[in-house]
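Following: one structure in structure tokens, then a few remarks.
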Amino acid sequence: MKIASVIVDVPAKQTDKPFDYLIPEDWTETMQPGMRVIVPFGPRKIQGFVTEIKDKSEFKQLKEIIAPMDLEPVLNKELLHLGEWLTETSLCFKIFAYQAMLPAALKAKYEKKVRLAPGKEVAVLPSSLQAIFADNKKLEWEEVLKSGLVPLLQREAAKGHLEVVYEVKERVKKKQVKVIRPLFPPAEIKAEMERLPANAEKQRQVLDYFIEHQDPVEQKQLLTIVQTSPSTVKALVEKGLLSEDEMEVYRDPFENRVFEHTAPLPLTKAQTAAISPILKAIEAKRHEVFLLYGVTGSGKTEIYLQAIQDVIDKGKEAIVLVPEISLTPQMVNRFKGRFGDLVAVMHSGLSAGEKYDEWRKIQRKEVKVVVGARSAIFAPFENIGIIIIDEEHETSYKQEDMPRYHARDVAIERAKVYSCPVVLGSATPSLESFARAQKKVYHLLTLSNRMNNKPLPPVEIIDMREELRAENRSMFSRKLFSKLKDRLEKKQQSVLLLNKRGHSSFVMCRDCGYVVNCPNCDISLTYHRAGNRMKCHYCGYESNIPNVCPECSSEYIRYFGTGTQKVEEELGKILPEARVIRMDVDTTGRKGSHEKLLKDFRDGKADILLGTQMIAKGLDFPNITLVGVLSADTMLHLPDFRSSEKTFQLLTQVSGRAGRHQLPGEVVIQTYTPEHYSIELAGMQNYDYFYQREMMMRKIHHYPPFYYLVLVTVTHEQLMKAVAETEKIVNYLRSQVSNQAVILGPAASPIPRINNRYRYQCLIKYKREPNLTNVLKKILDQYQKEARNGLQVSIDVNPFILM
DNA sequence: AGCACGCCGACT
DNA sequence: GTCGGCGTGCTC
């Protein structure tokens, strides 16, 4: 009998290796690596991934696979191999790597139930249990726990009267519809019709339909046409005249939308120059990474589209990654408009079922292009011709929990396998990528002008300290206020960006300065107007706002900070006639609301669009002539070496929103630190100079791209334990790395406590440490054993957020 | 992760 | 004496 190596769905160090199982005879032909299977594991049944099929095993007592969960592999050879790479580079469990590559719908659901043991009668049970298990009923384990029957049930189980069953369930069912078709040609159906009883009028009508139409028809449709009930059809099926089949249908999230077909646009000289090296790489089937550095509005998307067209013409496939927040209908339309049904779209707004259906379209090769957020990089194509990452610098391409991968790295890894180009596009490339382009590791392609040759809008930087000196305590500078008013009079639109990170509203006592903190985490609670409550963003803790200060009993306790809600309120006071649309996590939570708000704004239903980061991208409305940034420097002071870079990128991005069409635009940036280079240079829209400055800083402080980083975080319920263990790790690391590496720590994490666990960390900066991965693995190994003492160690290779 | 097994304290 | 607490090791 053949043997399968299976990675089981148990995320633990000890089980992070293949387990061998016998393949049942019936499946020897069909079982392939990459399929999901249900296997016995100890007393349970769990899901696993077959990674290999072999003839021999070191283990003698092999169990048999219970059942396959797929008819075809869900992971192809390349993805299985990519999973190993992902495990190695991000130091995660194999099972996490495989699960990350599949839609969540394919993750197993487990159920544990108690039922009567086979061959036993209810009569053997104590009378109190007989009703529960009558008629072969099963009792869910959650019910068991609630009922408090555990000891009694255990006794019965020990006697062999009851048994515990484990079940593995699929998360989604494929959506099916009933399809009816005739089993005979029209002539024979006519003959059969004669034989029907005289009163079977409806059945006759149904058959009439099939004399006219021989094609299968959806039952629902048939019933409306004939105006009858399912029983009529059923009767005919039972008579053997018709047959009913279940047919799988896809949930199509774009079902009711018509996409206007667009033809390729003629390229400008600059675009032609940029696309030709990409086309050459495609032609030569050569792996190469291009950095397409082009200002907003320089026509990067058209280059993507035409490169993809070329790939499709060669019978290959394309993956396009777009940051989650810019996966707007506008963006999707451009791809659907050009490639129609050949496009699958993957983003978090879809339901689990819809995501699964999009994934299946890819798997069955029914589409040629996938446009999606980070995880779309794992699209199960097998003949990739190009991978495009738009807004390459976006931090959302780095996944922050296991597996902690960066989509850019995965893209390059996959592109190597398929010998195809990767195109990274950005108006403000990440320093890492630009540095690689400078070193000729990446091929730099530049688009320096906007398509319409419109100049970038003028940017004015306002020093808010001056405003304070002039007794203006409002969050709007006099300049911004007058410009807002001016746009209102001219019936033009404005966009206001509130850089909310690190500036969320908190509840503070105005008398004693007491700030309401989360009882579980060392962080202030955030005020939410909905329900007038305070919430912790880290552990989910919620509470009401105290009427009086818990410290000093003052009544002057109220929320502070400049949340979007507060800006909206203030706008209402100073510009009561302005119609404002607010966009933030609170107003865009529901599916489709994001889209609706933007549509309202485009339709001119508001004068001012106020929002957080999410409005910085993709907005391209002709009537926007003013962009205001309320507080440019809020994220500048975050404990993050990328904060300057992020500030520069955000300001540059949002500036690009104004004056993209006929009407000229203007940008106003308010700040308390106008002299900071990232603000000053964003105002001048000078990426190249910013790059130089920031690279200098990174070099001095030993940060990427000059050094690689690894962040080790240790958490424990007791502060001292966390400190002591971090200290040990630091010492061990120091003994293992070369003297070129820098190790910082132990230091308290920027959020020193989350969910009642203290967090300490150490940061490793290094240039070349071939042995580091092994050292880190050893640390993880060691601490996995100690995890029972409540110690948790997590390692983030190339972290993006140092928290 | 779950679960069984095993070794100690506090109870019918 | 036993029920049940949790520390330890195993799952092909």
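Nothing here was measured: the structure is a model prediction, and the numbers come from that model.
- Geometrically, R642(A) engages F800(A) in a cation-pi contact, judged by NZ or CZ lying under 6.0 Å from the ring centre and within 45° of the ring axis.
- As a whole-Å value, the separation of K54(A) NZ from dC12(C) C1' is 9 Å.
- With rounding to whole Å, R44(A) atom CZ is found 6 Å from dG2(B) atom P.
- The distance between atom CD of E142(A) and atom C1' of dG2(B), rounded to the nearest whole Å, is 14 Å.
- Of the candidates dC3(B), dC12(C), dC10(C), dC10(C) carries the atom nearest the Q14(A) side chain, counting heavy atoms from C-beta on.
- Atom-to-atom, CG of D55(A) to P of dC12(C) comes out at 21 Å; the value is rounded to the nearest Å.
- Nucleic acid contact for Y166(A): sugar-phosphate only, since backbone atoms but no base atoms lie under 4.0 Å from a heavy atom of the residue.
- Contacts of E58(A) with the nucleic acid, taken as non-hydrogen atoms under 4.0 Å apart, are absent.
- In the set dC10(C), dC12(C), dC3(B), the nucleotide with an atom closest to the side chain of K63(A) is dC12(C).
- Going from atom NZ of K94(A) over to atom P of dA1(B) covers 16 Å, rounded to whole Å.
- A salt bridge links R414(A) and E78(A); the closest N-O separation between the charged side-chain nitrogens and carboxylate oxygens is under 4.0 Å.
- As judged by a 4.0 angstrom heavy-atom cut-off over every strand, F41(A) is placed among the base-contacting residues.
- Among residues two or more places apart in sequence or in another chain, the salt bridge (Lys or Arg N to Asp or Glu O under 4.0 Å) test is passed with K169(A) by E111(A), E167(A).
- Spacing between atom CD1 of I46(A) and atom P of dA1(B) amounts to 13 Å, rounded to whole angstrom units.
- Salt bridge present: E413(A) and K416(A) bring a charged side-chain N and a carboxylate O closer than 4.0 Å.
- For the pair W141(A) CH2 and dA1(B) C1', the computed distance is 16 Å after rounding to whole Å.
- Of the candidates dC12(C), dA1(B), dC3(B), the closest approach to any side-chain atom of P11(A) belongs to dA1(B).
- In this structure, NZ of K17(A) is placed 8 Å from P of dT11(C), rounded to the nearest angstrom.
- Residue E400(A) places its CD atom among more than 12 non-hydrogen atoms of other residues, nucleotides or ligands, all under 6.0 Å distant.
- Using a 4.0 Å heavy-atom cutoff across all strands shown, K112(A) reaches sugar-phosphate atoms only and no base atom.
- Comparing dC12(C), dC3(B), dA1(B) by their nearest atom to the side chain of T15(A) picks out dA1(B).
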